[in-house]
Amino acid sequence: MPQLPSPLRRLLPLSQTLAAAATATATPAPLLHLSRRLFSSSSASLYGFPSPRAACLRALAYRGGQAGGGGRRGHHNHLLRRGNSTLGKRSKEKMGGGGGGGGGGGEAEVAFNKTRAEGKDGRKGRSMELKSRKLNPINTICYVQILGTGMDTQDTSPSILLFFDKQRFIFNAGEIDHIFLTRVCSETAGGLPGLVLTLAGIGEEGMSVNIWGPSDLDFLASAMRSFIPNRAMLHTHSFGVEQNVSSSQSKDATVIVDDEVVRISAMFVKPRYNNEASCLNDSNLKPGDTAIIYACELPELKGKFDPAKAAALGLKPGPKYRELQLGNSVQSDAFDKMVHPSDVLGPSIPGPTVLLVDCPTKYHMHELFSLQSLIRFYEDSSEQAGSPKKVNCVIHLGPSSVTEALDYQNWMRKFGATQHIMAGHEIKNMEIPILKGSARISSRLHFVCPHLFPSSGFWPVEPVNDVDSEKNKVSSLQACESVSAANLLKFHLRPYAQLGLDRVSIPSLTTYGDIVDELLSEIPEIKEVPEQISKFWQSNSVGKHMLMVEEPWITENSSVCNAVDENSDSGKLQDGTPLRASGWRKHPKDTPDIPCCVENATREDMEITFLGTGSSQPSKYRNVSSIYINLFTQGGILLDCGEGTLGQLKRRFGVSGADDAVKSLKCIWISHIHADHHTGVARVLALRSKLLKGVPHKPLLVIGPRPLERFLNAYSTLEDLDMQFLDCRQTLKPSIEAFLGDNATESATSQLESTIFAPGSKMENYSRKPASPRDTTALTNLKDVLHESGLEVLYSVPVLHCPQAFGVVLRAKEKVSSAGRAIPGWKVVYSGDTRPCPALVDASRDATILIHEATFEDSMKDEAIARNHSTTKEAIAVGTSAGAYRIILTHFSQRYPKIPVFDEVDMQKTCIAFDLMSVNLADLPVLPKVLPHLKLLFKDEMMVDESDEIQEAVM
């Protein structure tokens, strides 16, 4: 079965769970099948035919002030396969003579999409329709299913699916018809912006989904609107009591869904601190602290109709039989009497009930135990009139530190003979990677080259140092009987004959040893590769002056600068500067000289860890953009922070190691406002605030485009983010140099007003504003950050992608060798998302490392122009022109799930980034030599057969 692209940008827990399920079985995961059914109305565009997104795409190049319309704002469609441009000749003809596609031989400019760069390419007036289904209350299949057990990294809340054959409900994740949030915070809703944006791109009119949550949901919706302008994208439904009313005293739950197949009601639980009589007067209470308990009650099934009894009561076969089955009384045909349903129907089967209980902290327990609306579910309640409502299953979403407490276990017993499923964060779940496909590729890379891939995808369980949890932990005799949740564990509710647990779908467990054995069986010749690669490091450690021995596939005529052909259409940059004059020209063949900063580097100077190397949305093998600059004792810096960044930190460094990395962060820098680059920020900030609570510290500096500040400020209403924001436009090179110079305060302000793209230029930013006192304060904080991090400078570079898109330059301070010689500091440049542009070439001069996006392969240059991204050759050409020592490519289209397409002759100073890859400054000399050996891992996946492509399309 070919791999199917996801129609949604899912919340990370759900997308990772689906990916894990698809890996564990021969067929796609149940919800992957479900996605095809859900969106059948748009399946023609999603599976096999050009989607409206691609069909309406026009590769529009800027030509001396002329531009055409562009594609919608967002990212490329992932159905496009390598080597298969969807634009073709038609688009090239529309672009004019030689802007993006070769030929012409004239002095054409390097093309880009001005309409997209100015943010004017969005489709207007889309309805974002909600799905509507005809329900069947009688013949219904129904179950609840665990979608992840709170993640092996414990960075997100567990996700639960309530499945009916014509309706789906998700708790704490996003897909299907309804999303219910048990809390409104980054842990449960961190990926919601990405989901909403992707739904908006489905079909001609876009789609949306009902999002339910307490009144705090309004704060989140308001925050999201800072970068989701179309209100039709957000179908949010908030519910709940007023802040000054205690919900625990209410006997009636809030009913939010009540139809033929299910009744869903909500009960509110607020934390109570310091044993206060009322939890609602606490000054520390934030809106996001409110937790929701959901009760899902299915209607009873009517008993079996008895035709003999109906005949005895004088009824003739016909419509009256149907009325009785529907619960209506009818007049007897033979007698003067009414016939009631109870006269002809057997005993009814009670409808099953499921409770989802989220008790996130010990401070919520008192309110939970006091809920009056839960009393009717207790087995031996003396306050309940009549028989209590039988609960078949209770799914506990709280962490084990809460659910294993003696008081909590005693409360669980009140439900009697109920199936309890413990789905919260448990230590033993950390041994089992949720992303089995990702763990598999990480394990293979670790086996081949543990120097660059120190994370094997598996790690030992870390002991928890929690005195309170140990003190309150119950013994096995005191514990209420329960089962631990497993990924894809089901509890059937309908048909009644199948009521109970179902473990059939649970993926089989795999170990690191199993994956290595599989690899050696599949590729026997790879057994010798680890030893071959380790020799590179042995040689490197003997002497930093070693000569780089070229691999056989590097030839004399394979200069990287051939990427910019003098006879091609790329003779000039977009400002008209010839490539020779701009420094974008062919250089002599690289010498083996190693920069002083690398030659004298220690392993504690700097290391770059790639937490996400894909574009647009998380995939099975690549997360979205995020880079961690590890400065060791001097802290760390995040460059971009897409959704799932925290989870990737924990996969790389372990749970406690990631906590240490978050606590020691000095700065987060965000390149632009597209969701795949920033929606993980709130989760990281919230965790840092929690970890440093009670410890003296400064707010974390966040540098990014101004719209990001509006989102974070609005979001801070829900959770403490403890951050200080600085606009990227206030960190351009002239501004930073002026601020760090002698006339810092006075000269910086004037510089800030005059350095936002030159007036009259093609990319002038008309929304620029003078620096405010707040910006000046943040710049002062930046100065402290640079000092503490051992950096000489950090500044932003305007690039060509969308409004307020930037790259960044980091340069370390020089240090003095033991011989008293000054050693220049290293220089790292990150492009963000961009077309090739002179500003970035200039900023990358003599960089130690240039990290450049390479979204598209070289044969898809038209798409690169239309989306304002770069091809592989273009990215390498930027670094070579600037004289960068090493180039690392990242931000690959998710159409290349494991390894992107590249030309071997271009890779003599270049490396391809993978998720969880760590590149130490001291390892740079050997970096390009490793790639040919890594290719052996993917030898069967470098090219896609055209017949496979056609087969996938028709699916």
Side-chain angles (χ1 to χ4, degrees), residues 30 34 37-38 40 130-145 161-169 176-178 210 252-265 294-355 376-377 379 384-393 416-419 490-502:
L34 181 60
R37 294 200 302 271
L38 287 174
S40 58
L130 287 166
K131 299 179 291 294
S132 178
R133 308 182 194 283
K134 183 179 180 180
L135 304 180
N136 181 358
I138 299 177
N139 298 316
T140 298
I141 298 172
C142 179
Y143 56 80
V144 286
Q145 186 172 32
L161 166 70
L162 176 59
F163 176 92
F164 295 89
D165 53 358
K166 290 188 179 294
Q167 208 166 13
R168 295 79 162 120
F169 303 87
I176 330 299
D177 303 276
H178 299 267
N210 288 296
D252 298 322
T254 302
V255 178
I256 50 182
V257 173
D258 193 0
D259 56 30
E260 298 96 321
V261 297
V262 67
R263 172 189 172 99
I264 300 178
S265 53
Y294 287 104
C296 307
E297 303 172 70
L298 277 62
E300 68 175 13
L301 292 179
K302 301 297 182 182
K304 187 176 180 180
F305 183 80
D306 190 336
K309 288 184 178 180
L313 293 171
L315 287 175
K316 298 177 181 179
K320 291 183 179 180
Y321 280 19
R322 177 63 176 170
E323 290 296 318
L324 287 168
Q325 293 179 46
L326 293 175
N328 301 320
S329 299
V330 298
Q331 177 69 41
S332 173
D333 296 321
F335 309 109
D336 185 17
K337 60 181 295 186
M338 296 295 292
V339 179
H340 304 287
S342 59
D343 297 331
V344 296
L345 297 178
S348 297
I349 301 174
T353 298
V354 176
L355 295 182
R376 68 189 183 99
F377 298 111
E379 184 181 52
Q384 177 67 33
S387 59
K389 176 73 173 178
K390 169 67 176 176
V391 178
N392 301 87
C393 179
T418 296
Q419 180 65 71
K490 290 181 182 180
F491 186 91
H492 284 283
L493 302 173
R494 296 264 171 85
Y496 186 77
Q498 298 180 12
L499 185 70
L501 290 172
D502 179 358

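Counting begins at 1 with the first residue of the sequence. The figures here come from the full heavy-atom set of this structure, side chains too, leaving out hydrogens, waters and symmetry mates.
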Residues 324-335 vs salt bridge (charged side-chain N to carboxylate O under 4.0 Å, His left out), sequence neighbours excluded, gives Lys320-Asp333
Return all side-chain donor-acceptor pairs below 3.5 angstrom for residues 336-354, not counting sequence neighbours, or 'none' if the list is empty.
from: His340; atom 1: ND1; to: Ser329; atom 2: OG; distance (Å): 2.8
from: Asp343; atom 1: OD2; to: His340; atom 2: N; distance (Å): 2.9

Partners passing ring pair (Phe, Tyr, Trp, His ring centres under 6.0 Å) against Tyr321 (at least two apart in sequence or in another chain):
Phe305
Measuring from atom [atom1] of [X] to atom [atom2] of [Y], what distance do you get when rounded to the nearest 0.5 angstrom?
X      : Y      : atom1 : atom2 : result
Leu313 : Lys309 : CG    : NZ    : 9.0 Å
Glu323 : Asn328 : CD    : CG    : 5.0 Å
Ile264 : Phe169 : CD1   : CZ    : 4.5 Å
Leu355 : Cys393 : CG    : SG    : 8.5 Å

Test side chain to side chain donor-acceptor pair (under 3.5 Å) applied to Glu297 - qualifying residues, sequence neighbours left out:
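Here the qualifying residues are Arg376.
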How would you list, by chain and number, every residue that makes a side chain to side chain donor-acceptor pair (under 3.5 Å) with Glu300, sequence neighbours excluded?
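Partners of Glu300 under the side chain to side chain donor-acceptor pair (under 3.5 Å) test: none.
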Considering non-hydrogen atoms only, spot the tightest contact between [X] and [Y] and give its length.
X      : Y      : value
Phe491 : Asn392 : CZ-O, 3.6 Å
Pro299 : Val261 : CD-O, 3.2 Å
Gln145 : Tyr143 : OE1-CE1, 3.7 Å
His492 : Leu499 : O-CD1, 3.2 Å

Expected output: side-chain Lys316 to main-chain Ala334 donor-acceptor under 3.5 Å:
no
Applying salt bridge (Lys or Arg N to Asp or Glu O under 4.0 Å), can you list everything that pairs with Asp306, at least two apart in sequence or on another chain?
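Salt bridge (Lys or Arg N to Asp or Glu O under 4.0 Å) list for Asp306, sorted by chain: empty.
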Assess the residue pair Asn210 and Val257 against the criterion (side chain to side chain contact (heavy atoms under 4.5 Å, CB included)); give the C-alpha distance rounded to whole Å, side-chain angles, the decisive distance to 0.1 Å, and a yes or no.
CA-CA 11 Å; Asn210 288 296; Val257 173; over 6 Å; no
